[in-house]
A.B. asks: 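Structure in C-alpha cells, see below.
Keep in mind that the numbers below use all heavy atoms, side chains included, and drop hydrogens, waters and symmetry copies. Proteins get letters first, then strands, A, B, ... in listed order; numbering begins at 1 in each.
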There are 2 protein chains.
Amino acid sequence: MNKKEKAILAAKTKVLKALAHPARLWMVEQLAVGERCVCELVDGLGLDFSTVSKHLLVLKNAGVVTDDKRGKQVFYSLKVPCVLNFMHCVEAVIKGEG
Amino acid sequence: MNKKEKAILAAKTKVLKALAHPARLWMVEQLAVGERCVCELVDGLGLDFSTVSKHLLVLKNAGVVTDDKRGKQVFYSLKVPCVLNFMHCVEAVIKGEG
DNA sequence: CCGTTATTTGGTTATGTTGCCAAACAACAA
DNA sequence: TTGTTGTTTGGCAACATAACCAAATAACGG
C-alpha cells in the first residue's frame, strides 16, 4: 500500500466515521427530508446545543453537509444525497445478521 | 425518537462503525475481490496478527463478513457485497470536498 | 448601546478504540 | 507426544471521542 492509496483510504474512512454515530446518522436522515436549523436538530435529539454543533462540524468537515446562515439561525442540508442510498445496503446487512 | 427507532439507529451505526477504520475498509475492499485468509490480510496491512484478527471480529459482529476455517487457515469473505456499492458515493463525497 | 436568542468554541471528565505483547488454542506433521 | 504454523483471546498503555458546562460570538430588536 503506497502513500496515495493510504490517503484515499483515510479520506473514505473520514466520511464513514462521520456517519458512524447515532446522533449524526439521525441528523443525516433528517436532512435527507430537507434542511434543518441547528435548533430543530437539538430538539429532536435531546442533546446539548454544543454537542449537536460539534457533531454537525464533523459532518461538515467530512463533506457530507453544508451550512447556510440566515439571520440568527444556521441551516444545514445534505450535500451529497447519495449517502442515503447506501443505507438500504446497511439495512440489508442488519437483516442478514438476525 | 422511541426505543425501536433507537435500536435500528444503533444497528445501522454498528455497521458503519465497522467500516470506518482504514484497516477494516481495506480488508473489505480486498474481500470484494475474493476470499482471503487472515495471513494474507496480515501481510497486506503490516499489522500484528492479533490486531488483524480483532478487526475481522468487528466486521464479523457487524454482519459484514463471514469466516470459514479450512485446515489451519481461516478464510474470510464478504457477506453482503452491496457494501461496496456505496463506496462510489463515498468517493463522490471526497471529490466534493476538494 | 443593551438584552436576547441562536450558535460555536474551549475545557474537562468519562468512556471507547487501537495496537502491541504474551499466552492460549487448533490443526496438522514428525 | 512434541513441535510448528495459523489464529484467537486477554491485558495493558496510548490515544481518540463524546457529553456537559461555561464562556465567547453573531444577529437582531428595543
A.B. asks: Can you work out whether B/Leu47 or A/Val38 has the more 5'-proximal nearest nucleotide on DNA chain C?
C.D. replies: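 Its nearest nucleotide being more 5', the pick is A/Val38.
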
A.B. asks: Tell me, with the steps shown, if A/Leu9 and B/Leu25 meet side-chain contact (heavy atoms from CB on, under 4.5 Å).
C.D. replies: CA-CA 8 Å; A/Leu9 207 50; B/Leu25 188 53; 4.1 Å; yes

A.B. asks: Report the distance from atom CG of A/Leu45 to atom P of D/dA18, rounded to the nearest whole Å.
C.D. replies: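 Distance, rounded to whole Å: 13 Å.
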
A.B. asks: With A/Arg36, which of A/Leu31, A/Val42, A/Val74, A/Leu56 fulfils side chain to side chain contact (heavy atoms under 4.5 Å, CB included)?
C.D. replies: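 Per the side chain to side chain contact (heavy atoms under 4.5 Å, CB included) rule, the option paired with A/Arg36 is A/Leu31, out of A/Leu31, A/Val42, A/Val74, A/Leu56.
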
A.B. asks: Within this structure, what is the NZ-to-P distance between B/Lys14 and C/dT17, rounded to whole angstrom?
C.D. replies: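 Distance, rounded to whole Å: 12 Å.
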
A.B. asks: Looking at A/Tyr76, does any N or O in its side chain come under 4.0 Å of the phosphate oxygens OP1/OP2 on C/dA6?
C.D. replies: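 For C/dA6, neither OP1 nor OP2 has a side-chain N or O of A/Tyr76 closer than 4.0 Å.
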
A.B. asks: Is it true that B/Glu35 and B/Arg70 make a salt bridge, defined as a side-chain N closer than 4.0 Å to a carboxylate O?
C.D. replies: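 Answer for the salt bridge query: yes.
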
A.B. asks: Expressed in angstrom and rounded to an integer, what is the separation of B/Met27 atom CE from C/dG19 atom C1'?
C.D. replies: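 Going from B/Met27 (CE) to C/dG19 (C1'), I get 13 Å.
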
A.B. asks: I need the NE2-P distance between B/His21 and C/dG16, as an integer number of Å.
C.D. replies: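 The distance from NE2 of B/His21 to P of C/dG16 comes to 17 Å, rounded to the nearest Å.
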
A.B. asks: Under 4.5 Å between side-chain heavy atoms, counting indirect links through other Ile/Leu/Val/Met/Phe/Trp/Tyr residues: same cluster for A/Val28 and B/Met87 or not?
C.D. replies: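 Hydrophobic grouping puts A/Val28 with B/Met87.
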
A.B. asks: If the condition is salt bridge (charged side-chain N to carboxylate O under 4.0 Å, His left out), which residues does A/Asp48 pass it with, not counting sequence neighbours?
C.D. replies: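 Testing A/Asp48 for salt bridge (charged side-chain N to carboxylate O under 4.0 Å, His left out), a comparison that skips the adjacent residues, returns none.
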
A.B. asks: Taking only N/O atoms, report every protein-nucleotides 9-15 of chain D pair under 3.5 Å with atom names and distance.
C.D. replies:
from   : atom 1 : to      : atom 2 : distance (Å)
D/dG10 : O6     : B/Lys54 : NZ     : 2.9
D/dG11 : O6     : B/Lys54 : NZ     : 2.5

A.B. asks: What is the separation between atom CZ on B/Arg24 and atom C1' on C/dT18, rounded to the nearest whole Å?
C.D. replies: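 From B/Arg24 CZ to C/dT18 C1': 9 Å.
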
A.B. asks: Considering heavy-atom distances to DNA chain D, does A/His55 or B/Val74 have its closest nucleotide positioned more toward the 5' end?
C.D. replies: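 Final value for this comparison: B/Val74.
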
A.B. asks: Using whole Å, what does the distance between atom C1' of nucleotide C/dA6 and atom CG of A/Asp67 come to?
C.D. replies: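 Rounding to the nearest Å, CG of A/Asp67 and C1' of C/dA6 are 14 Å apart.
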
A.B. asks: Nearest whole angstrom, please: distance from the C1' of D/dT17 to the CG of A/Leu16.
C.D. replies: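 Rounded to the whole Å, the gap is 17 Å.
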
A.B. asks: Taking the side chain as C-beta and beyond, is there a heavy-atom pair between B/His55 and B/Leu59 under 4.5 Å?
C.D. replies: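 With C-beta onward as the side chain, the pair stays apart.
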
A.B. asks: Indicate yes or no: at least one non-hydrogen side-chain atom of B/Tyr76 is less than 4.5 angstrom from one of B/Cys37.
C.D. replies: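 They are not in side-chain contact.
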
A.B. asks: Side-chain heavy atoms nearer than 4.5 Å, only ILVMFWY residues, links allowed to pass through others: does that put B/Leu19 and B/Val58 together?
C.D. replies: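 B/Leu19 and B/Val58: separate clusters.
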
A.B. asks: Give the rounded distance in Å between these two atoms: CG of B/Leu56 and P of D/dT8.
C.D. replies: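 About 7 Å, once rounded to whole Å.
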
A.B. asks: Please check this pair: side chain of A/Arg24 against backbone of A/Val52, looking for a donor-acceptor N/O pair closer than 3.5 Å.
C.D. replies: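 Looks like no, no N/O pair under 3.5 Å.
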
A.B. asks: Could you run down nucleotides 25-30 of chain C 5' to 3' and tag each one B, S or - for protein heavy-atom contact under 4.0 Å?
C.D. replies: -SBS--

